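Report on the structure given below.
Since this is a predicted model, take the numbers as computed values, not measurements. Every number for a ligand or one of its atoms is a count from 1 in the order of the listing.
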Amino acid sequence: MRKQVIVGNWKMFKTNSSAIKFVENVDSKIQSRDDLVVGIAAPSVMLSDLTKKAKNLKIAAQNCYFEKEGAFTGEVSIPMLQEIGVEYVIIGHSERRDIFGENDDLLNNKVKALLAANMSPILCCGESLSIYESGKTMDHVKKQISSDLSGVSADDVKKVVIAYEPIWAIGTGKVATPEIAQEVCKGIREHLASLYSQEVADEVSIQYGGSVKPENIKDILAQSDIDGTLVGGASLVEDSFLGLIK
Ligand code: PEP
């Protein structure tokens, strides 16, 4: 049975003190369940304090590097994250791809390194507005997934959470309709079935992300191939975050 995974992506917002206050206020209101993961992906400087505070929330990272250690100024390694209790790491967010030039080869290395450490990548994929308008969404997303999961075994891929995030819906207030989101998430599952098997594809949690709010999350989660959400803006305020998981 695949898990429902709802994760807030704080991006480069909040300071340590405001992040701690948020987790202190919210954590006890989250129910810890085997079939539901509720998490916050926080800036790396806050992760150590937040993992100490969180009992029910999973504290996730927004990025990592794939080498264990070395001369990689500014990067954060997987052993560093693992030692402080981080289990989930967002990989390949469109902001990492577009602003910081991360490509599928690099992302594939990150995915494999996380899985080798028994951690779960939240692997983002999604198309730009021009790709969406040219009707090539599925080709684009399938290419990203094939490259990013290249060399990943069937057993390991079950630990990957895939986040479908149409770039045109991120932070824009334009949400893909639940039907559009379902269509693409279903296509992703079919693609996983062709790369692995239907049994494996049925175990992979697939999130939708893009302007999700308390007001629209119910319709999105009602879709059969959507197993959770990755949420930016609406995860920053306590009431709105809690509204997502009601
Ligand atoms: C995101 O940052 O992954 C995201 C989906 O942002 P927003 O919910 O603000 O569109």
Those atoms of ligand 1 less than 4.0 Å from some heavy atom in [X]:
X	result
S211	7 (P), 8 (O), 10 (O)
N9	1 (C), 2 (O), 3 (O)
G210	5 (C), 10 (O)
G233	7 (P), 8 (O), 9 (O)

Can you tell me if [X] and [Y] form a side-chain donor-acceptor pair at under 3.5 Å?
X	Y	value
Q182	D225	yes
N108	K112	yes
W168	E133	no
Y164	E127	yes
S128	H140	no
N56	K29	no

key: Nearest-contact summary for atom 5 (C) of ligand 1 - protein heavy atom, Å   =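 Here the nearest protein heavy atom works out to E165 OE2, 3.1 Å.
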
inquiry  = Could you check whether any side-chain N or O of R2 sits under 3.5 Å from a backbone N or O of D202, counting only pairs where one atom can act as donor and the other as acceptor?
reply    = yes

task = Out of G173, G171, G232, S94, indicate the one that has the non-hydrogen atom closest to atom 10 (O) of ligand 1.
result =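 Checking each option, the heavy atom nearest atom 10 (O) of ligand 1 is found in G171.
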
ask   = Does some non-hydrogen atom of A169 fall short of 4.0 Å from ligand 1?
value = yes

ask   = Does H93 have a non-hydrogen atom less than 4.0 Å from ligand 1?
value =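 Distance cut 4.0 Å: H93 passes for ligand 1.
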
task = Flag T172 as yes when one of its N or O atoms lies below 3.5 Å from any N or O atom of ligand 1, and as no otherwise.
result = no

key: Side chain, backbone, both or neither: the part of C124 lying under 4.0 Å from ligand 1 by heavy atom   = neither

task = Please work out whether any backbone atom (N, CA, C, O) or any side-chain heavy atom from C-beta onward of I170 is under 4.0 Å from ligand 1, and answer side chain, backbone, both or neither.
result =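 Both backbone and side chain.
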
Pairing of K21 and E238 as salt bridge, 4.0 angstrom limit =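 Salt bridge between K21 and E238, a charged N being under 4.0 Å from a carboxylate O: no.
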
